[in-house]
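Chain identifiers are assigned alphabetically (A, B, ...) following the order of the sequence lines, protein sequences preceding nucleic acid strands; residue numbering begins at 1 within each chain. Values below: every heavy atom of this structure, side chains too, minus hydrogens, waters and symmetry copies. Treat the numbers as computed from the prediction; the structure is a model and nothing was measured.
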Amino acid sequence: MDYKKLAELLYPNAKDVSFWEEKYPQRNLSSGAEVVRIAPSPTGYLHIGNFFGAMVDYEIAKTTGGVFYFRLEDTDKKREVDGADFVALNVLKEFGISPDEGLMPNGTEKGNYGPYRQSERLEIYKSYAKKLVLEGKAFPCFCQKAADVGEVFQRREKELQTEASISEKDPCRNLTFEEIEAKLKENKKFALRLKSNGKEGDKVVAFDLCRGEMELPANCKDIVLVKDNGIPPYAFAHVIDDHLMKTTTVVRGSDWLSTWPQHLEIYEALGLKVINYIHTPLISKLGENGNKRKISKRYDPEADMRFYVEMGIPKVAVCEYVLNLANSNFELWRAANPELDFREFKFSPNKIGLSSPLFDMNKLLDISKNYISKLSATEVYSNVLSWAKEFDKDFAKLLEERKDFAISVFNIDREGKNPRKDLEMFSQAKKVFSYMFLDFLGQMKIEDYEIDSKDFAKAKRVVSEYKNVLDEKDDKETWFSKIKTLAQKLGFATDNKEFKKNPENFEGNVANFCEFIRVAITGRKNSPDLFTIISILGQEKTVKRLEKLENLL
RNA sequence: GGUCCCGUGGUCAAGUGGUUAAGACACCGCCCUUUCACGGCGGUAUCAUGGGUUCGAAUCCCGUCGGGAUCACCA
């Protein structure tokens, strides 16, 4: 076979690879600086696994003084979602992570290694494809069966039944020049396949920055390098792009581990030095059957990063949670440095765990509520407002109309040394403070109050008596002593030790007494300091609320 | 099924031959607070399993089991 003739036949106009090698020179970076990238496909959302990788990328670039760039892997037209080009980028931006180079959210490209969309790099891939044909390392394949996804799945099903894996040497690798020429004359489309050197049982040694040296089965499949539409699949495209863009380390999920040998053989065929790889653990969830599985957009809302935006979980909390998943010593660092920005944390790629963590909403919300508890009332206000502007317009309007009132509500029990931790996410503000924002009197029915029916009579007495002694002008001390006096009058214990000794002698203790008042005013057993609530509401509204419950009972 | 990866409490995990096996979340209890919280203190609970090697193993080796990932002209 005359490979030169074949290469010219297949790719008559392709540039020589030297053109690209010269066009994209080495980067001028200080030693040790890493070049990393996030390279998602335009599927319309950003998966938490991608985000995990982006955090790692971001940290690596930051700690080494390197470059973090964004490349769009839009080589699969079938899966592509219209207008999704910038979704991942914008979501990333929402979380405060902006790449230094590549595609930018405003649609422009920044950097000298573009284009940063794979669909615009076809000419480049063609050059490398031609090089491989020229060297006899790749061949055209005219089989249509592999292009049919349905058939592929069927074939795979069959393969799963067999005892061992099938090493796939493609029949087209033996086509003669004349046969190829004839098929091309018939206008038949071809895919380019790698002429694999692998034999069943061969091993390759690869080095993963986190996992160390790994022995993997060598690739022996004649994998597709360029699809019959002229677009290369991930395997071929990423090797070339990462080479040309001077990537030093690829960070990707460990679901890529088993196809890694294919990529390694592509490097070898292309005569390129293999760059560093890190295969990160896969964030998982417990499935219906109680088993772990990779978190997925289809079943798990948490897989999509927009979920956190929609829930109003502070982006810092999400970043810190994910960062902690990647480097679990982060949490110790955080405890020792409560005031520092998480960006100051020194990230260590080699401390990334190897086993797949289960996604833990509890933990995330714990980080979140601690974070929110440290914000000022004004900060909470602006966060809640910007959340509401996007997801609850009516509430946003209310917040804007009653700004000062809202801030005073958010400020309850916030300014002390140990603020309350009621809010886990900004979306909860409306519900948590519903008794301050909503038309409380109009809305409440007896079943909305957190009160046992067996306590109705007792509650009625407390509420109806209390409304007579309430005075908004009282200071906190007076306010409380009135409560005590009234409680005692109605048979409640004012000495808690006494009460604990002989509970049957009392209607309850002061806590129980207060609970009825609290429920009347807020509907709930759990609410911030009553005194403050009453002073914000004022005499008139408070009394109306007490009367409302009294009448319902 | 083949292959690879992983296996310390319910969850995230520290740990690299000698530790009472850290810490965090969750759960439970107590204390503080004569309201709600916040906070403080404490508790339950873990080295998947069987063999080695060793004076000594969560840690090293082998087997077993369990879980995961992957096996496309998808990424």
Side-chain angles (χ1 to χ4, degrees), chain A residues 39-41 43 73-76 78-79 141 143-149 151-153 155-156 159-166 168 189 191-193 211 214-217 221 223-229 231-235 237-238 252-261 279 281-282 284 286 291-294 321 324-325 328-329 331-332 334-335 353-360 362-367 373 412-413 416-422 479-480 483-484 487 492-497 499 509-515 517-518 522 524-533:
Chain A
S41 328
T43 50
E73 309 227 317
D74 55 345
T75 56
D76 185 14
K78 288 187 287 266
R79 286 209 330 177
C141 164
C143 309
Q144 278 300 300
K145 62 175 200 311
D148 180 347
V149 176
E151 189 149 354
V152 166
F153 278 112
R155 196 156 45 96
R156 176 153 68 167
E159 192 177 324
L160 296 191
Q161 309 296 322
T162 59
E163 285 290 305
S165 68
I166 298 169
E168 205 157 315
K189 285 183 169 182
L192 191 75
R193 284 183 185 272
R211 289 161 200 265
M214 300 175 76
E215 195 185 64
L216 301 166
K221 290 187 178 182
I223 54 169
V224 169
L225 263 17
V226 183
K227 297 183 263 186
D228 66 5
N229 60 6
I231 303 174
Y234 171 83
H238 99 275
R252 51 159 42 163
S254 60
D255 43 354
W256 286 106
L257 228 34
S258 41
T259 32
W260 197 13
H279 291 92
L282 269 14
S284 304
L286 249 24
N291 284 343
K292 247 193 206 182
R293 61 171 166 72
K294 175 165 102 168
Y321 174 69
N324 193 234
L325 244 29
S328 66
N329 54 320
E331 129 182 286
L332 249 37
R334 169 49 79 219
L354 260 30
S355 53
S356 304
L358 238 32
F359 179 83
D360 187 350
N362 264 329
K363 186 101 178 180
L364 169 58
L365 291 181
D366 180 68
I367 295 172
S373 77
I412 303 175
D413 282 341
K417 198 172 135 228
N418 298 316
R420 290 178 67 92
K421 297 179 176 177
D422 287 324
W479 170 79
F480 205 82
I483 290 208
K484 269 162 62 181
F492 287 80
T494 48
D495 183 332
N496 208 32
K497 292 202 174 77
F499 173 71
N509 62 5
V510 174
N512 302 125
F513 178 88
C514 283
E515 192 174 291
I517 299 170
R518 167 168 273 115
T522 69
R524 294 212 287 272
K525 290 182 177 180
N526 177 343
S527 75
D529 179 54
L530 257 185
F531 176 78
T532 316
I533 292 177

Answer with base, sugar-phosphate or nothing: what part of the nucleic acid does [X] contact at a heavy-atom distance below 4.0 Å?
{"X": "A:Arg334", "result": "nothing"}
{"X": "A:Ser284", "result": "nothing"}
{"X": "A:Leu216", "result": "sugar-phosphate"}
{"X": "A:Pro528", "result": "base"}
{"X": "A:Glu73", "result": "sugar-phosphate"}
{"X": "A:Trp260", "result": "nothing"}
{"X": "A:Ser41", "result": "sugar-phosphate"}
{"X": "A:Leu282", "result": "sugar-phosphate"}
{"X": "A:Lys484", "result": "base"}

Under a 3.5 Å limit on both distances, the Watson-Crick or wobble mate of B:G50 is B:C62
Using the [atom1] atom as the point on both nucleotides, what is the distance between [M] and [N], in whole Å?
{"N": "B:G18", "M": "B:U54", "atom1": "C1'", "result": "12 Å"}
{"N": "B:G66", "M": "B:C30", "atom1": "P", "result": "43 Å"}
{"N": "B:C32", "M": "B:G40", "atom1": "C1'", "result": "8 Å"}
{"N": "B:A57", "M": "B:U19", "atom1": "P", "result": "10 Å"}
{"N": "B:U20", "M": "B:U33", "atom1": "P", "result": "38 Å"}
{"N": "B:U59", "M": "B:U8", "atom1": "P", "result": "13 Å"}
{"N": "B:C31", "M": "B:C6", "atom1": "P", "result": "48 Å"}

Min side-chain heavy-atom separation [X]-[Y] under 4.5 Å:
{"X": "A:Tyr321", "Y": "A:Asp360", "value": "yes"}
{"X": "A:Asn324", "Y": "A:Lys363", "value": "yes"}
{"X": "A:Arg252", "Y": "A:His238", "value": "yes"}
{"X": "A:Leu257", "Y": "A:Arg211", "value": "yes"}
{"X": "A:Ser41", "Y": "A:Asp76", "value": "no"}
{"X": "A:Arg193", "Y": "A:Ile223", "value": "no"}

Round to a whole Å and report the spacing from CZ of A:Arg420 to C1' of B:C38.
-> 8 Å
From B:A75, B:C4, B:C25, nucleotide with atom closest to A:Pro233 side chain = B:A75
Using a cut-off of strictly less than 4.0 Å, decide whether [X] has a side-chain nitrogen or oxygen near OP1 or OP2 of [N].
{"X": "A:Lys292", "N": "B:C5", "result": "no"}
{"X": "A:Lys294", "N": "B:U70", "result": "yes"}
{"X": "A:Thr75", "N": "B:A75", "result": "yes"}
{"X": "A:Arg193", "N": "B:C73", "result": "yes"}

Measure distances between side-chain N and O atoms of A:Asp529 and base N and O atoms of B:U35, and say whether any donor-acceptor pair falls under 3.5 Å.
-> yes
Polar side-chain contact A:Lys421-B:A37 base: donor and acceptor under 3.5 Å | no
